[in-house]
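All heavy atoms count here, side chains included; hydrogens, waters and symmetry mates do not. Here is how names work: the chains are called A, B, and so on, in the same order as the sequence lines, proteins then strands, and each is numbered from 1.
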Amino acid sequence: MPNDLERAFGVLVEDTARAQLLPAAEVRRLAGRRSRHASMIAALTVAVLVAGVTVGSRWLLAGDTEPRPLPPLQTASVPPTAAPSSSATGSPSRPASSPPTSVPPTPPPTSSSSAPAIPSSISARAMLTVKDGNTGQFNEVDARRPPKLCADTSYPSSSKAAVRKSVFLLYRAPELPAENVPDDTIYDTVTVYRGAGAEEFLDELRAAVRDCPNGPKKAKYRSLGSFGAGDESLLIERSTPATNPQGEPEPGQEPHLTYIAAARVNDTVALVESLGYENWGSKREPVVALAKTAAKRVAAWRG
Amino acid sequence: MRDADGFDEFYRVTSVRMLRYGYALTGDLAEAQDVVQEAYTRAWRQWRTVQVHPAPEGWLRLVVARLATDRWRRLSGWRAAVRRAGPPEPAAPPSEDAVLIASALRRLPAHLRQAVALHYLFDLPVARIAAETGRPVGTVTSWLHRGRIELAAILAPSTTVPMPEATDAE
């Protein structure tokens, strides 16, 4: 009998060759789509599954003697969790006795497909604030375009930018006294994109730093990868030759480092750019901390 | 930054196996394409988590198993709209043997179908299946035994009583 079943599954395996799968890149692209249609489908899925949970009469993969309740749903704002809970989650329920090293984690919901409608403006609560700078120097400024690393850097995703807002702040580390000069100059720009524009922008930014390691004015760009914020993020180091306070080159000195940090939350990108202060460069840690704060603000507003 | 190369490699290595698994669970190859594609899009959205997990393929199998249940299939009208962006449906018809096998699998209760598919398609030992389904080893052993018996019986209809098609979600 086992041999018969092996042959039976062999037939199934052979028959699978009739089907094609999309290229991996296409799957990734589809995953980033934020179409209205997908949102409607996700919403309907949620409604149907919530109904199933509410009725409480359905059982998934019931065991011999101990049926397992259909797991509750997961929503966009609830992170995946291995433990069954009363909150909505699309993850499989998991007995506490399951070996932790051999049990796959909770499969994810399709939370990111349910982005809210495009807003008419960016809320102030999505931005860094005067308190984040610790200097009192804070202004809303004209919306800034994405950084142009090289002359030919382009961002086709800009055509999908629906609404954008930028603020400027001077930053000083919180432990420093008020009489100290600022540590850094920071711009925080938040952009809500239509469709997959936000993901495309992150891709374009990655491509920009890859294609343009050496920019004008002897600038050098280097990708430092993700800084662990939002759905995806990218930190870029910009290195320029050191200068004195008059802006004259200072050969032999450490280069002037500044940073570009972009984090995507659903269809929105928070981009924090540091410019240093006077002839000083930026410190990486505070810039990353500010960028993480910026991403959290966006997530709280729109995630 | 998500590691696109890592995902692409994972997809290249595992996607055919996953399609076979989806086929065994759903009994329909086009439906399996949908389910598997959806599972991988979820994997990509969570790639940072999946990538570092000790059993990323097992993670994906769980998603496929979940999507293959009736609650997903009940959304077929909506899924049809999504399908426009997906891979083309299989052009060739299934072989007669494949129809027979797929039909037989669909008549197994979902948990038995999942257990035998994990065993025969992925060559997973009972302990791994138990870990993946969150069930005791003894239960899975019983599932496999019953699954083999019932599947063999369905495939040899002259020796058994006809069974109704199973409903996954109940």
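One distance of note links CG of A:Leu5 with CZ of B:Arg148; it measures 7.5 Å at 0.5 Å rounding. The structure places CD of A:Glu199 at 8.5 Å from CH2 of B:Trp44, a figure rounded to the nearest 0.5 Å. Atom CZ of A:Phe9 is separated from atom CG of B:Leu151 by 6.0 Å, given to the nearest 0.5 angstrom. To the nearest 0.5 angstrom, B:Tyr11 atom OH is 9.5 Å from A:Glu26 atom CD. The CG atom of B:Leu29 lies 6.5 Å from the CG atom of A:Asp15; values are rounded to the nearest 0.5 Å. Here CZ of A:Arg28 is found 14.0 Å from OH of B:Tyr40. Values are rounded to the nearest 0.5 Å.
Of the possible polar contacts, one joining the B:Arg48 side chain to the A:Asp231 backbone as a donor-acceptor pair under 3.5 Å is found.
At least one side-chain heavy atom of A:Arg18 sits less than 4.5 Å from a side-chain heavy atom of B:Tyr23.
Among all heavy-atom pairs drawn from A:Leu12 and B:Ala98, the shortest one is CD1-O, 4.3 Å. Closest heavy-atom contact between B:Asp8 and A:Ala25: OD1-N, 4.3 Å.
Only the side chain of B:Leu105 comes within contact range of chain A, with at least one heavy atom under 4.5 Å from a heavy atom of that chain. The contact between B:Val36 and chain A is made entirely by side chain atoms (from C-beta outward), counting heavy-atom distances below 4.5 Å.
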